[in-house]
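All residue numbers in this chain count up from 1 along the given sequence.
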Amino acid sequence: MDYKYIEQLLSRYFEATASLKEEQILKAFFAQDDEELPEALRQYKPLFEAMEKGDVLDTDFDDRILSLIGRQTTDNSQSEVSKARIISLQERFRPLLRAAAVVAVILTLSTAINQSFRNDNVWTDEDQIAHYQDEIRKAALAAATADSVLLYSEGISIKADSLAADTMHLAPTGYLE
């Protein structure tokens, strides 16, 4: 015998889309003896038998279950004590701000460590003096005219005539800061 129709009714029943008439058909089908039911559908028989009997839970069932989960009941009415806690916007964003601060600290430290291990950014005193002298030479050449011009800048004197002859007198008084 083909039981596809019953299987379709069962699937609709478990999806909660079966009509009352279809539920009655299922109850009548599972009311038969176990020998007449196919092996695959016997597992559903206790469900429909319990619905037919109309088993009702004890009156203290709710109290027992609620006591197991930690709630107390008085006179069969639930009295739940819950305190509402108002959370400010600052408290909501506090974890996000903490995470952003951690990321910023990690990025800053990694950049500092990375820069400390690089050798191309290290300036010695001689490099600073040579750079300072080159800049003064460039400024003196730009300001020089056909005649002699005297340029004084932080104790360094350069004459335009001596620039042409490549004999510059540079006397730095300090380092660039």
**Message:** Going by the rule side chain to side chain contact (heavy atoms under 4.5 Å, CB included), which residues pair with Leu41 if we only count those two or more places apart in sequence or in a different chain?
**Reply:** Tyr3, Ile6, Glu7, Leu10, Phe29, Phe30, Pro38, Tyr44
**Message:** To the nearest 0.5 Å, what is the distance between CG on Asn114 and OG1 on Thr111?
**Reply:** 7.0 Å
**Item:** Other cluster members, Phe93 - Ile/Leu/Val/Met/Phe/Trp/Tyr, side-chain contacts below 4.5 Å
**Value:** Leu89, Leu96
**Message:** Could you work out, with salt bridge (Lys or Arg N to Asp or Glu O under 4.0 Å) as the rule, every residue matching Glu36, not counting sequence neighbours?
**Reply:** none
**Item:** Rounded distance (nearest 0.5 Å) linking atom CD1 of Ile25 with atom CG of Leu20
**Value:** 11.5 Å
**Complete:** So salt bridge (Lys or Arg N to Asp or Glu O under 4.0 Å) across residues 9-23, not counting sequence neighbours, yields Arg12-Glu22
**Fill in**
Value for CG (Asp134) from CD1 (Ile129), rounded to nearest 0.5 Å, stands at 12.0 Å
**Request:** Determine whether more than 12 heavy atoms belonging to other residues, nucleotides or ligands lie under 6.0 Å from atom CD of Gln32.
**Result:** yes
**Request:** Identify the residue among Arg42, Glu49, Gln43 that makes a side chain to side chain contact (heavy atoms under 4.5 Å, CB included) with Lys45.
**Result:** Glu49
**Asked** What residues form a side chain to side chain contact (heavy atoms under 4.5 Å, CB included) with Lys27, not counting sequence neighbours?
**Response** Phe48, Met51, Glu52
**Request:** Please collect all salt bridge (Lys or Arg N to Asp or Glu O under 4.0 Å) contacts where either partner lies in residues 91-100, sequence neighbours excluded, each pair once.
**Result:** Arg85-Glu91
**Message:** Starting from Leu109 and following side-chain heavy-atom contacts under 4.5 Å between hydrophobic residues (I, L, V, M, F, W, Y), which residues can be reached?
**Reply:** Val105
